[in-house]
Amino acid sequence: MNSDKIITIERFILDNQPTYASGDFTGLMYDIALAAKFIAFHTTRAGLVDILGRAGATNIQGEEQQKLDVFADNIIFRLCDHTGRVCVMASEEHEDILPIPEAYEKGPYVLVFDPLDGSSNIDVNVSIGTIFGIYRTLDWEKRGRLEDCLQPGRNLVAAGYILYGASTMMVYSTGRGVHGFTLDPELGEFLLSHVNIMMPNPPTYFSANHSYFRRWSPGVQKYVSWLQGREGDDAPVGERALSERYIGSLVGDFHRNLLKGGVFLYPGELKRPQGKMRLLYEAAPLAYLAEQAGGYASNGRKAILDIVPADLHQRTPLFIGNRSLVEKAEFFINQYDPED
Ligand code: FDP
């Protein structure tokens with residue numbers, strides 16, 4: 001008899017809950033896993049929109065079709081607004097914070113999320129993802145406020161993502177390692193598939209939108225040349241050479257590098273020094289996972305997790321992956337790009 005355990009995400013979350021826990025956190029993680037199943041079901045039907053009706057049109061049941069990112073945003077909010085576990089939410093899709101309706105009790109947690117990242121890939125059937133971060137409220141007496149959302153990544157109590165790829169996977173950490181679960185679409189259950197993920201060393205890949213090379217600072221250009229084995233005595237060449245892989249879907253690119261080792265970079269550009277990535281919804285949650293997996297994330301000068309957000313939609317340059325590769329980016333930037 002094969003005795004390898006089959007562990008559902010629900011079981012895993014429950015088994016790893018501290019004995020003093022109230023169950024709020026466990027419930028919230030479970031709500032996110034449920035949202036992931038709803039979104040996964042809809043993303044697998046994305047290619048049918050031309051047949052079943054476009055966003056804004058009405059389907060056979062008389063329901064209005066929603067764009068997938070609007071659907072994902074809506075489902076996460078509706079699963080979490082009434083449970084008494086969350087005091088406020090913030091989504092990449094909304095300019096302001098999402099308060100918990102007065103009719104419902106508030107809870108101790110703050111949920112920030114990017115409901116569907118990499119949305120330019122939806123139309124072409126390429127992997128997309130959801131990213132989330134969970135903080136504790138700063139003031140247990142009050143209903144959630146903007147300040148609760150503007151916490152540095154160091155304060156995260158959990159973070160994770162859901163990858164809608166060839167399989168759907170949920171990968172998360174509560175500060176005790178990074179664990180991955182794969183959705184069995186027949187059972188509708190996430191099953192533990194990757195325990196305690198650590199970024200392999202030596203790394204295999206680097207991921208960047210190389211067509212922006214001319215927009216990058218001299219330090220970033222030198223760094224990317226180094227990654228290619230064309231700059232410096234210690235460049236990764238020969239057996240250590242890195243391959244370039246770029247999907248243009250942050251969750252997909254991060255996930256590959258998490259499992260195979262590597263670095264993803266979306267640097268600032270000369271005309272857009274803060275780059276494109278959102279600190280709160282993208283960079284900080286993934287930085288938390290990277291550090292839990294033995295890696296590191298930086299804006300080129302300091303750890304992403306140490307940046308205190310000044311506003312909800314703040315952008316940041318992002319270098320994330322194996323620690324040695326990210327620290328090398330900091331080295332080149334400090335060496336060649338004067339601080340303003
Ligand atoms: P998208 O614009 O398709 O939503 O931050 C969003 C993001 O995708 C990331 O998922 C992805 O890594 C990046 O932008 C791709 O940007 P470029 O097209 O500029 O490379």
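As the structure is a computational prediction, the values presented were derived from the model and not from experiment. Throughout, numbering of the chain's residues begins at 1 and tracks the sequence.
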Beyond-backbone contact of V263 with S207, side-chain heavy atoms, under 4.5 angstrom =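 Counting from C-beta outward, V263 and S207 never come under 4.5 Å.
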Is the shortest side-chain N to carboxylate O distance from [X] to [Y] below 4.0 Å?
X	Y	answer
R154	E291	yes
R78	D81	no
D114	R278	no
R145	E147	yes

Nearest 0.5 Å, what's the CG-OH distance between L183 and Y164?
->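 Answer rounded to 0.5 Å: 10.0 Å.
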Pairwise distance CD(Q292) to CG(N196) - rounded to 0.5 angstrom |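 The CD atom of Q292 sits 9.0 Å away from the CG atom of N196.
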Of all residues at least two apart in sequence or in a different chain, which pass the ring-ring contact (aromatic ring centres under 6.0 Å, His included) check with F254?
->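 F254 satisfies ring-ring contact (aromatic ring centres under 6.0 Å, His included) with Y161 once adjacent residues are dropped.
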T168 to A40 - nearest heavy-atom pair and separation =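 Scanning both residues, the minimum pair turns out to be OG1-CB, 3.6 Å.
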Validation: residues 26-34 side-chain donor-acceptor distances under 3.5 Å, sequence neighbours left out:
unit_1: T26; atom_1: OG1; unit_2: Q17; atom_2: OE1; d: 2.3
unit_1: D31; atom_1: OD1; unit_2: R85; atom_2: NH1; d: 3.4
unit_1: D31; atom_1: OD2; unit_2: R85; atom_2: NH1; d: 2.7

Parallel, tilted or perpendicular: ring planes of Y223 versus F319, cut at 30 and 60 degrees |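 Because their plane-to-plane angle is over 60°, the rings of Y223 and F319 count as perpendicular.
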Should D184 and F190 be marked as a side chain to side chain contact (heavy atoms under 4.5 Å, CB included) after you check the CA-CA gap, both sets of side-chain angles, and the distance that decides it?
-> CA-CA 6 Å; D184 181 322; F190 278 105; over 6 Å; no
So is R256 actually on top of Y205's ring, under 6.0 Å and inside 45° of the axis?
->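 Judged by the rule (NZ or CZ under 6.0 Å from the ring centre, within 45° of its axis), R256 counts as positioned above Y205.
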Mind checking side chain to side chain contact (heavy atoms under 4.5 Å, CB included) for E330 and listing every partner two or more places apart, or none if nothing turns up?
->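 Counting only residues at least two positions away or on another chain, E330 forms a side chain to side chain contact (heavy atoms under 4.5 Å, CB included) with Y296, S298, E327, N334.
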Inspect the surroundings of CG in N16 and state if more than 12 heavy atoms from other residues, nucleotides or ligands are less than 6.0 Å away.
->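 Yes, because the 6.0 Å sphere around CG of N16 holds more than 12 heavy atoms from other groups.
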Side-chain (D253) to main-chain (G248) donor-acceptor, under 3.5 angstrom |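 Answer holds: yes.
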Do you know which of F25, F132, F181 makes ring-ring contact (aromatic ring centres under 6.0 Å, His included) with Y172?
->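 Only match with Y172 under ring-ring contact (aromatic ring centres under 6.0 Å, His included): F181.
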Sequence neighbours left out, what passes side-chain hydrogen bond (donor to acceptor under 3.5 Å, both in side chains) with K328? Give chain and number order.
->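 D234.
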Taking only residues two or more places apart in sequence, or in another chain, which ones meet E231 in a side-chain hydrogen bond (donor to acceptor under 3.5 Å, both in side chains)?
->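 If we apply the side-chain hydrogen bond (donor to acceptor under 3.5 Å, both in side chains) test to E231, skipping adjacent residues, there are no hits.
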When clusters are formed from ILVMFWY side-chain contacts under 4.5 Å, directly or step by step, what else is grouped with V112?
->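 When side chains under 4.5 Å apart are linked, the cluster holding V112 also contains V88, I97, V110, Y135, L146, L150, L156, L280, Y281, Y288, L305, L312.
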